[in-house]
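All of these numbers come straight from a predicted model, not from anything done at the bench.
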Amino acid sequence: MKKILALLLTLALVFTLAACGGKEDNSLTVTEGKLTMATNAEFPPYEYYEGDKVIGIDAEVAALIAEKLDLELEIVDVAFDSIIPGVQQGKYDMGMAGMTVTDERKEKVNFSDSYAKGVQVVIVKADSDIKTLDDVNGKKVGVQQGTTGDIYASDTVENGGYGEENVTKYENGALAVEGLKNGKVDCVIIDNEPAKAYVAANEGLTILDTEYANEDYAICFSKKNDELQKKVNDALKELIADGSLQKVVDKYIKAD
């Protein structure tokens, strides 16, 4: 009888520890009470610095999501191409950085519903002989490393790219634009909204009329955290339905 009681007590202890361990492993966020968002704050108007604070569309939308989830938002500014690995490794709860959904990225992380549309464009000098996308062939192209602009442009000509040998990869869009101004590249491929900001801040630059690519922006999550993905999607649906998300977008992007 004593042996049976001892066995039952041992089994009860094992199940209790397993239950505790399971709760910790399945916690909603990396840090309890916080929603940690990885971004790359070099992408106006989606994320950029005002003083020492990261602001922009993504920062404000993430804050609204965190509020709905009763969490405190924490924004971590990292290199763009380290966002997905960091989310995969559990360093961050989610990545939000004007990130385009691609098949390659979907193999590594899960994505929320799309919350914005992106357009890839080409920045050139005002006196450039590049007038159309066809004129970019054989030219030196500047891109931000790890972005879809990089992925598309680095592909082969047969697949709509310009060949990796013709592409110079920069840490951020601002450095790519500096490369264009200094003659190190002939054009820069980047998303339309930051492109407009860079052109407005740098005299002598312009954007080609032709769009290079159209994309959907979404938030990425670890494939191990379906619960957070679902809760964020629910929050996004509410923000879209009540007009809060559009209000944030309209604050930063003025209609032409």
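Using a 3.5 Å distance cut-off with no hydrogens or angles, the side chains of S244 and D242 do pair a donor with an acceptor. For the 3.5 Å distance criterion, the side chains of N159 and Y152 fail to qualify, holding no donor opposite an acceptor. In this model, no donor atom of one side chain and acceptor atom of the other lie less than 3.5 Å apart for Q229 and N233.
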Would N192 and E211 satisfy side chain to side chain donor-acceptor pair (under 3.5 Å), going step by step from the backbone distance to the final call? CA-CA 9 Å; N192 187 46; E211 297 173 354; over 6 Å; no
For the pair E164 and K169, evaluate side-chain contact (heavy atoms from CB on, under 4.5 Å) and give the outcome as yes or no after the intermediate values. CA-CA 10 Å; E164 192 156 8; K169 304 169 191 275; 3.8 Å; yes
Step by step, work out the side-chain contact (heavy atoms from CB on, under 4.5 Å) result for L205 and L180. CA-CA 9 Å; L205 300 183; L180 172 60; 3.8 Å; yes
Might you work through the side-chain contact (heavy atoms from CB on, under 4.5 Å) test for I65 and E67, ending with a clear yes or no? CA-CA 5 Å; I65 291 171; E67 184 179 350; over 6 Å; no
Carefully, step by step, assess V54 and Y48 under the rule side-chain contact (heavy atoms from CB on, under 4.5 Å). CA-CA 5 Å; V54 177; Y48 60 100; over 6 Å; no
For side chain to side chain donor-acceptor pair (under 3.5 Å), just list the numbers for Q145 and D150, CA-CA rounded to whole Å, side-chain angles, deciding distance to a tenth of an Å, and then say yes or no. CA-CA 6 Å; Q145 183 172 333; D150 175 8; over 6 Å; no
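At a threshold of 4.5 Å between non-hydrogen side-chain atoms, the residues F221 and V232 count as touching. For the pair V143 and I190, the minimum side-chain heavy-atom distance is 4.5 Å or more. With contacts defined as side-chain heavy-atom distances shorter than 4.5 Å, the pair V109/S222 does not qualify. Here the side chains of I189 and Y162 are in contact, with some heavy-atom distance below 4.5 Å. A heavy-atom distance below 4.5 Å is found between the side chains of D226 and N110. Residues K91 and V30 form no side-chain contact, since every pair of their non-hydrogen atoms from C-beta on lies 4.5 Å or further apart. Using a 4.5 Å heavy-atom threshold, the side chains of M99 and I83 count as touching. By the 4.5 Å heavy-atom criterion applied to side chains, E47 and I75 are not counted as neighbours.
For Q246, the CD atom sits in a packed shell: over 12 heavy atoms of surrounding residues, nucleotides or ligands are nearer than 6.0 Å. In the displayed structure, K106 atom NZ is contacted under 6.0 Å by at most 12 heavy atoms of other residues, nucleotides or ligands. Heavy atoms from other residues, nucleotides or ligands lying under 6.0 Å from NZ of K247 number 12 at most. A 6.0 Å sphere centred on CD of E203 holds no more than 12 heavy atoms belonging to other residues, nucleotides or ligands.
Closest heavy-atom contact between A218 and F111: CB-CD2, 3.8 Å. Minimum heavy-atom separation, K34 to D93: O-OD2, 3.5 Å. Contact detail for A59 and L73: the closest heavy-atom pair is O-CD2, 3.8 Å. The two residues P45 and I253 come nearest to each other via the heavy atoms CG-CG1, 3.9 Å. Of all heavy-atom pairs spanning E42 and Y198, the tightest one is O-OH, 3.1 Å. When all heavy atoms of I219 and Y115 are compared, the closest pair comes out as CG1-CE2, 4.0 Å.
Not counting sequence neighbours, the partners of Y217 by the ring pair (Phe, Tyr, Trp, His ring centres under 6.0 Å) test are Y46. Residues passing the side chain to side chain donor-acceptor pair (under 3.5 Å) test with E72: none are found, sequence neighbours excluded.
Between the CD atom in Q88 and the NZ atom in K224 there is a gap of 9.5 Å [rounded to 0.5 Å]. Note: L69 CG to T29 OG1 = 9.0 Å, rounded to the nearest 0.5 Å. Annotation: the span from E158 atom CD to T156 atom OG1 amounts to 4.5 Å, rounded to 0.5 Å. Taking NZ from K68 and CG from L239, the interatomic distance works out to 5.0 Å, rounded to the nearest 0.5 Å. Interatomic distance, CG of D209 versus OG1 of T206, reported as 7.5 Å (0.5 Å rounding). We find the CG-CD1 distance between L236 and I240 to be 5.5 Å, quoted to the nearest 0.5 Å.
Electrostatic pairing of E60 and K251 counts as a salt bridge here, judged by a charged N lying under 4.0 Å from a carboxylate O. No salt bridge links D186 with K140; every basic N to acidic carboxylate O contact stays at or beyond 4.0 Å. Using a 4.0 Å cut-off between charged nitrogen and carboxylate oxygen, E193 and K196 count as a salt-bridge pair.
Panel note: side chain S154, backbone I151; no donor-acceptor pair is recorded below 3.5 Å. A donor-acceptor pair under 3.5 Å is absent between the side-chain atoms of K184 and the main chain of G142, judged by distance alone. Panel note: side chain T36, backbone Y92; no donor-acceptor pair is recorded below 3.5 Å. Put simply, the side chain of Y170 never gets that close to the backbone of G179: no donor and acceptor are under 3.5 Å apart.
Hydrophobic clustering of Ile, Leu, Val, Met, Phe, Trp and Tyr side chains at less than 4.5 Å, counting indirect connections, keeps V141 apart from L175. Hydrophobic clustering of Ile, Leu, Val, Met, Phe, Trp and Tyr side chains at less than 4.5 Å, counting indirect connections, unites L64 with L28. Residues I84 and V78 share a single hydrophobic cluster, defined by chaining ILVMFWY side chains whose heavy atoms lie under 4.5 Å apart. Residue V87 is not grouped with residue M94 when hydrophobic side chains (ILVMFWY) are merged at heavy-atom distances under 4.5 angstrom, including chains of intermediate members. With hydrophobic clusters built from ILVMFWY side chains whose heavy atoms lie under 4.5 angstrom apart, I57 shares a cluster with I55.
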Expected list for residues 120-129: side-chain donor-acceptor pairs under 3.5 angstrom, two or more places apart:
| unit_1 | atom_1 | unit_2 | atom_2 | d |
| --- | --- | --- | --- | --- |
| Q120 | NE2 | T148 | OG1 | 3.2 |
| Q120 | NE2 | D191 | OD1 | 2.8 |
| Q120 | NE2 | E215 | OE1 | 3.3 |
| K125 | NZ | K181 | O | 3.4 |
| S128 | OG | I130 | N | 2.9 |
| D129 | OD1 | K139 | NZ | 3.4 |
| D129 | OD2 | K139 | NZ | 3.2 |

